[in-house]
Amino acid sequence: MNYWPLLGIAALVAGFALRANPLIVILVCALVTGVAAGIAPLHLIAALGHAFNQSRYVSIVWLILPVIGLLEREGLQERARILVGRIKAATAGRIILIYLALRQITAALGLTSLGGPAQMVRPLVAPMAEGAAESRLGPIPDEVRYTVRAYAASADNVGAFFGEDIFIAIASILLIKAFLAQSGFDIPPFKLSMWAIPTALLAFAIHGVRLWRLDARLERMAQRGRVARERPP
Amino acid sequence: MIRLADVYYLTGAMFAGFALLSLRDRANRKRFGNTAFWGLLAVSFLFGSRLGDLANGLLVIALVLLGGTRAMGVGAPKSTTQGERDARAKRWGNTIFLPALLIPVLTVAGTLTLGRISIGGAPIADPQQVTLISLALAIGVAFVVAMARFRPPAVAGVDEGRRLADMIGWAIILPQMLAALGAVFALAGVGGIVGRIATTWLPLGHPFAAVAAYCIGMALFTMVMGNAFAAFPVMTAAIGVPLIVHRFGGDPAIMGAIGMLSGFCGTLATPMAANFNIVPAALLELPDRNAVIKVQIPTGIALLVCNIVLMYALVYRFR
């Protein structure tokens with residue numbers, strides 16, 4: 001067996017480790033892998049072009065940019081902060097926790113397109129969570145702001161990944177069913193969905209506990225930031 | 001009937017708009033780089049299906065060189081100031097959320113209906129692509145509603161979109177690049193090689209070892225490929241079916257369900273899953289592009305351990 005194509009993966013890992021630009025890393029990895037497998041260069045470039053063209057559908061979501069840009073121009077994020085600032089019980093951790101629950105439940109009902117980083121996190125969830133952190137902690141250092149945003153994005157992912165498999169008609173369930181059918185096992189999608197439930201509950205518990213403890217962590221971070229600012233140079 | 005190709009034309013027109021406005025943006029020192037990048041992307045969306053594979057491949061290489069070598073800057077479209085935004089947030093009130101909320105709601109409503117309603121014998125939207133078409137239509141409605149309510153200058157829509165697109169920059173094509181890499185991996189037979197190595201080198205003589213190797217293998221291979229769908233057939237054919245099911249008598253449904261979810265634990269931890277991990281970091285303007293991954297890794301590891309324990313406890317018991 002020809003093991004040389006794995007050189008491409010080595011290049012990939014090395015490129016990411018060296019923090020080179022991911023586009024370049026991926027292109028180099030594709031070229032190395034293809035050449036090591038004995039694919040002719042022109043054929044390889046054509047294969048790249050074909051796959052790039054076929055996967056244009058993943059970029060349709062960018063159509064949303066003008067809408068979000070317009071709303072931000074009119075004060076969307078500021079309004080989101082005003083809204084949560086009025087709710088006394090709102091904290092960054094709790095807002096993201098509620099979003100995690102909503103995301104997971106709607107994904108389990110097959111409504112994965114309700115969320116997403118461009119659709120929900122940037123315009124709504126992140127500014128609301130930031131607003132809540134600001135109204136509790138006062139002016140927050142960048143470190144706190146970035147942590148809140150990263151957790152908001154993470155809740156979107158965890159909720160979607162570990163909710164969607166409970167819905168029977170999602171791509172991953174259909175892939176499992178199709179592959180197992182090829183191997184001689186005829187399994188109803190319902191059974192696959194059912195066995196996705198224990199992991200879904202654990203995912204909510206684990207990420208939920210981390211979000212529950214986020215507020216205390218943010219408070220410590222903000223305090224450290226204040227101390228650092230007040231210390232004379 | 002509305003087809004996916006029509007949505008591509010709309011997306012192409014948007015990128016062409018970004019390119020034109022970038023060209024006029026003298027505040028951006030690298031405006032020609034931005035114009036070239038958004039222009040080529042517009043070409044891909046407008047004419048990609050007619051270009052042929054080799055031309056598309058060369059276009060991809062050009063995009064990578066532009067995006068990967070800091071040839072692009074960040075434009076400075078005319079937007080509102082912080083003070084204006086604070087004032088408008090008070091003036092518009094909570095109605096400003098309406099267009100943002102319309103998008104998910106209309107996407108779901110469209111997904112459920114558009115493929116089934118037909119006019120003159122043909123459905124309104126291609127039933128195969130109804131979610132993507134609904135998303136595009138929902139965004140279109142939200143855009144019109146926002147323009148009608150706020151009455152900004154006509155060019156503001158494209159210019160505000162360009163402001164965000166420049167901020168995300170090269171990461172915009174990362175998900176498509178990774179899909180292209182996946183195709184090359186498939187062509188080169190990388191999956192088969194990894195499966196072969198996994199079965200040759202791992203000690204798989206015990207039912208627990210087989211479960212642990214399968215789940216960890218799913219997570220690691222997903223991290224490399226950026227996609228659990230690519231890892232699933234390889235790991236299941238190499239370890240799942242021959243060992244867990246055939247040799248040790250495990251249940252294929254439990255193995256498949258929890259195996260896929262173990263792969264998702266890997267998705268949480270890899271920059272290769274760009275649209276979930278890197279794109280949000282760019283979209284949220286985080287200076288560390290791995291910030292989202294760093295937050296997700298503890299959850300991913302804990303959940304992978306849970307999956308191994310769950311699968312071992314369940315897969316040999318319920319059959």
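All chains are named by letter (A, B, ...) in the order of the sequence lines, taking the proteins before the strands, and each is independently numbered beginning at 1.
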A.B. asks: What pair of heavy atoms forms the shortest contact from A:Gly75 to B:Ile96, and how long is it?
C.D. replies: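 Between these two residues, the closest heavy atoms are C-CD1, 3.7 Å.
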A.B. asks: Which answer fits A:Asn2, side chain, backbone, both or neither, if we ask what part of it has an atom under 4.5 Å from a heavy atom of chain B?
C.D. replies: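 When you check distances to chain B, only backbone atoms of A:Asn2 fall under 4.5 Å.
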A.B. asks: Assess whether salt bridge (charged side-chain N to carboxylate O under 4.0 Å, His left out) is satisfied between B:Arg163 and A:Glu72, documenting all intermediate values.
C.D. replies: CA-CA 11 Å; B:Arg163 174 171 65 81; A:Glu72 287 183 358; 3.3 Å; yes
A.B. asks: Hey, are the side chains of A:Ser154 and B:Thr299 touching, using non-hydrogen atoms and a 4.5 Å cut-off?
C.D. replies: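 No, too far: nothing below the 4.5 Å cut-off.
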A.B. asks: Side chain from CB out, backbone as N, CA, C, O: work out which of these in A:Ala126 comes under 4.5 Å of a heavy atom of chain B, or both, or neither.
C.D. replies: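 For A:Ala126, side-chain heavy atoms alone lie under 4.5 Å from chain B.
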A.B. asks: Does any backbone or side-chain atom of A:Ala160 lie under 4.5 Å from a heavy atom of chain B? Answer side chain, backbone, both or neither.
C.D. replies: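 Neither part, no heavy atoms under 4.5 Å.
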A.B. asks: Kindly compute the distance separating CD1 (A:Ile45) from CG (B:Leu54), expressed to the nearest 0.5 Å.
C.D. replies: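 Atom-to-atom, A:Ile45:CD1 and B:Leu54:CG are 6.5 Å apart.
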A.B. asks: Under a 4.5 Å heavy-atom cut-off, does chain A meet the side chain of B:Met225, its backbone, both or neither?
C.D. replies: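 Neither part; nothing is under 4.5 Å.
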A.B. asks: Quick one: CG on A:Leu6 to CD1 on B:Ile197, what's the gap to the nearest 0.5 Å?
C.D. replies: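 Going from the CG atom of A:Leu6 to the CD1 atom of B:Ile197 covers 5.0 Å.
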A.B. asks: Measure B:Ser49 against the heavy atoms of chain A and call it side chain, backbone, both or neither at under 4.5 Å.
C.D. replies: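 Contact with chain A involves both backbone and side-chain atoms of B:Ser49.
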A.B. asks: Which region of A:Gln182, side chain (C-beta onward) or backbone (N, CA, C, O), has a non-hydrogen atom less than 4.5 Å from a non-hydrogen atom of chain B, or is it both or neither?
C.D. replies: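 Nothing of A:Gln182, per the 4.5 Å heavy-atom cut-off to chain B.
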A.B. asks: Heavy atoms, side chains only, cut-off 4.5 Å: are B:Phe185 and A:Cys29 in contact?
C.D. replies: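 Answer yes - side chains close enough.
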A.B. asks: Grab the two heavy atoms, one from A:Leu114 and one from B:Val105, that are nearest each other, plus how far apart they are.
C.D. replies: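 Nearest pair, atom of A:Leu114 first, then B:Val105: CD2-N, 4.3 Å.
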A.B. asks: Would you mind reporting whether A:Asp156 and B:Pro280 have side-chain heavy atoms less than 4.5 Å apart?
C.D. replies: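 No; the side chains remain at least 4.5 Å from each other.
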A.B. asks: Please examine the side chains of A:Leu76 and B:Trp92, heavy atoms only from C-beta on, and report whether any two atoms are closer than 4.5 Å.
C.D. replies: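 Sidechains of A:Leu76 and B:Trp92: no contact.
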A.B. asks: Is there side-chain contact between B:Leu174 and A:Ile26, with at least one heavy-atom pair below 4.5 Å?
C.D. replies: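 Yes, close enough: below the 4.5 Å cut-off.
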A.B. asks: Say whether, by atom type as modelled, one donor and one acceptor occur between the side chain of A:Tyr57 and the main chain of B:Leu4 under 3.5 angstrom.
C.D. replies: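 Side chain of A:Tyr57 to backbone of B:Leu4: no pair is present.
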A.B. asks: May I ask you to test the A:Leu192-B:Ile254 pair for a side-chain heavy-atom distance under 4.5 Å?
C.D. replies: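 Side chain of A:Leu192 against side chain of B:Ile254, heavy atoms only: no contact under 4.5 Å found.
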A.B. asks: Check step by step if side chain to side chain contact (heavy atoms under 4.5 Å, CB included) holds for A:Leu202 and B:Leu310.
C.D. replies: CA-CA 10 Å; A:Leu202 286 168; B:Leu310 264 181; 3.8 Å; yes
A.B. asks: Has A:Arg122 got a side-chain atom pairing as donor or acceptor with B:Leu283's backbone, closer than 3.5 angstrom?
C.D. replies: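 Yes; judged by distance alone, with no hydrogens or angles, the pair exists.
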A.B. asks: Could A:Glu78 and B:Arg88 be called an ion pair, given the rule that one side-chain N must be under 4.0 Å from one carboxylate O?
C.D. replies: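 Judged by the 4.0 Å cut-off on N to carboxylate O distance, A:Glu78 and B:Arg88 do not form a salt bridge.
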A.B. asks: Given that the side chain runs from C-beta out, which part of A:Phe16 has a heavy atom under 4.5 Å from chain B: side chain, backbone, both or neither?
C.D. replies: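 Only the side chain of A:Phe16 comes within 4.5 Å of chain B.
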A.B. asks: Could you give the distance from NZ (B:Lys90) to CD1 (A:Ile82), rounded to the nearest 0.5 Å?
C.D. replies: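 One finds 5.0 Å between NZ of B:Lys90 and CD1 of A:Ile82.
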A.B. asks: Pick one of side chain, backbone, both or neither for A:Glu164, based on which atoms fall under 4.5 Å of a heavy atom in chain B.
C.D. replies: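 Answer is side chain: those atoms of A:Glu164 sit under 4.5 Å from chain B.
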A.B. asks: Can you say whether A:Ala178 sits under 4.5 Å from chain B via the side chain, the backbone, both, or neither, judging by heavy atoms?
C.D. replies: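 It is neither, since no heavy atom gets under 4.5 Å.
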A.B. asks: Given a strict heavy-atom distance threshold of 4.5 Å, which part of A:Leu12 is in contact with chain B: side chain, backbone, both, or neither?
C.D. replies: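 Only the side chain of A:Leu12 comes within 4.5 Å of chain B.
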A.B. asks: If I take atom CG from residue B:Asn94 and atom CZ from residue A:Arg79, how far apart are they, to the nearest 0.5 angstrom?
C.D. replies: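 One gets 4.5 Å once the value is rounded to the nearest 0.5 Å.
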A.B. asks: To check you understand the geometry: which heavy-atom pair defines the closest contact between A:Ala153 and B:Gln296, and what is its length?
C.D. replies: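 Looking at all heavy atoms of both residues, the shortest contact is O-OE1, 4.2 Å.
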A.B. asks: Apply salt bridge (charged side-chain N to carboxylate O under 4.0 Å, His left out) to A:Asp186 and list each qualifying residue two or more places apart in sequence or on a separate chain.
C.D. replies: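 Here the qualifying residues are A:Lys177.
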A.B. asks: Quick one: what part of B:Leu303 sits under 4.5 Å from any heavy atom of chain A, side chain, backbone, both or neither?
C.D. replies: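 Both parts, backbone and side chain.
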A.B. asks: If you define the side chain from C-beta out and look only at heavy atoms, does anything of A:Leu70 sit under 4.5 Å from B:Phe143?
C.D. replies: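 When only atoms from C-beta onward are counted, B:Phe143 and A:Leu70 do touch, with a gap below 4.5 Å.
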A.B. asks: Got a second to check how far B:Ile172's CD1 is from A:Leu65's CG, nearest 0.5 Å?
C.D. replies: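 It is 5.5 Å, given to the nearest 0.5 Å.
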A.B. asks: In terms of side-chain geometry, is the basic nitrogen of B:Asp251 or A:Lys191 positioned less than 4.0 Å from the acidic oxygen of its partner?
C.D. replies: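 Salt bridge flag = yes for A:Lys191 with B:Asp251.
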A.B. asks: If we ignore hydrogens and angles and just use 3.5 Å, is the side chain of A:Ser55 paired with the main-chain N or O of B:Ala179 as donor and acceptor?
C.D. replies: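 Checked: no pair found.
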A.B. asks: Is there a side-chain contact between B:Val279 and A:Trp62 in this structure, where contact means two heavy atoms from C-beta onward sitting under 4.5 Å apart?
C.D. replies: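 Sidechains of A:Trp62 and B:Val279: in contact.
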A.B. asks: Could you tell me which portion of B:Arg149 (side chain, backbone, both or neither) has an atom closer than 4.5 angstrom to a non-hydrogen atom of chain A?
C.D. replies: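 For B:Arg149, neither part sits under 4.5 Å from chain A.
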A.B. asks: Distance from B:Asp159 atom CG to A:Arg73 atom CZ, nearest 0.5 Å?
C.D. replies: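 Output value for this atom pair is 8.5 Å.
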A.B. asks: Minimum heavy-atom separation for A:Leu180 and B:Pro252, please, with both atom names.
C.D. replies: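 Looking at all heavy atoms of both residues, the closest pair is CD1-O, 3.5 Å.
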A.B. asks: With no hydrogens and no angle check, just 3.5 Å: does a side-chain donor-acceptor pair link B:Gln176 and A:Ser59?
C.D. replies: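 Looking only at side-chain atoms, A:Ser59 and B:Gln176 do form a donor-acceptor pair, the distance falling under 3.5 Å.
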A.B. asks: Contact part of A:Ser183 toward chain B, heavy-atom cut-off under 4.5 Å: side chain, backbone, both or neither?
C.D. replies: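 Side chain of A:Ser183 only, per the 4.5 Å heavy-atom cut-off to chain B.
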A.B. asks: Which heavy atom of A:Val67 sits nearest a heavy atom of B:Ala142, and at what distance?
C.D. replies: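 Scanning both residues, the minimum pair turns out to be CG1-CB, 4.1 Å.
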A.B. asks: Report the C-alpha separation of B:Phe276 and A:Phe161 in whole Å, then their side-chain angles, then the decisive distance to 0.1 Å, and conclude whether the ring-ring contact (aromatic ring centres under 6.0 Å, His included) test is met.
C.D. replies: CA-CA 10 Å; B:Phe276 298 116; A:Phe161 293 177; 4.7 Å; yes
A.B. asks: Can you say whether A:Arg19 sits under 4.5 Å from chain B via the side chain, the backbone, both, or neither, judging by heavy atoms?
C.D. replies: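 For A:Arg19, the contact with chain B is made by backbone and side chain together.
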A.B. asks: Of the non-hydrogen atoms in A:Ser172 and B:Met260, which two are nearest, and what is the gap between them?
C.D. replies: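 It is O-CE, 3.8 Å.
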A.B. asks: Pair A:Glu74, B:Thr80 - check side chain to side chain contact (heavy atoms under 4.5 Å, CB included), show working.
C.D. replies: CA-CA 8 Å; A:Glu74 302 296 330; B:Thr80 46; 5.5 Å; no
A.B. asks: Would you mind checking which part of A:Ile24 comes under 4.5 Å of any heavy atom in chain B, side chain (CB onward), backbone (N, CA, C, O), both or neither?
C.D. replies: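 Both parts, backbone and side chain.
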A.B. asks: Which region of B:Leu51, side chain (C-beta onward) or backbone (N, CA, C, O), has a non-hydrogen atom less than 4.5 Å from a non-hydrogen atom of chain A, or is it both or neither?
C.D. replies: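 For B:Leu51, there is no contact with chain A at all, as no heavy atom is under 4.5 Å.
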A.B. asks: With a 3.5 Å cut-off and no angle check, do the side chains of A:Arg56 and B:Ser44 form a donor-acceptor pair?
C.D. replies: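 On atom types as modelled, these side chains do not qualify, holding no pair under 3.5 Å.
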A.B. asks: Chain B heavy atoms under 4.5 Å from A:Leu31: which part of the residue, side chain, backbone, both or neither?
C.D. replies: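 Nothing of A:Leu31, per the 4.5 Å heavy-atom cut-off to chain B.
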A.B. asks: Is chain B contacted by the side chain of A:Leu124, its backbone, both, or neither, given a heavy-atom distance below 4.5 Å?
C.D. replies: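 Just its side chain gets close to chain B.
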A.B. asks: Would you mind listing every ring-ring contact (aromatic ring centres under 6.0 Å, His included) that reaches into residues 178-198 of chain A, with sequence neighbours excluded?
C.D. replies: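 Those involving residues 178-198 of chain A are A:Phe179-B:Phe232, A:Phe185-B:His246, A:Trp195-B:Phe318.
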A.B. asks: Given side chain to side chain contact (heavy atoms under 4.5 Å, CB included), test A:Tyr151 with B:Val292 step by step and report yes or no.
C.D. replies: CA-CA 7 Å; A:Tyr151 268 94; B:Val292 177; over 6 Å; no
A.B. asks: Which bit of A:Leu63 comes within less than 4.5 Å of chain B, counting heavy atoms only: side chain, backbone, both or neither?
C.D. replies: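 Contact with chain B involves both backbone and side-chain atoms of A:Leu63.
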A.B. asks: Run A:Val158 and B:Val295 through side chain to side chain contact (heavy atoms under 4.5 Å, CB included) and show every step you take.
C.D. replies: CA-CA 11 Å; A:Val158 173; B:Val295 159; over 6 Å; no
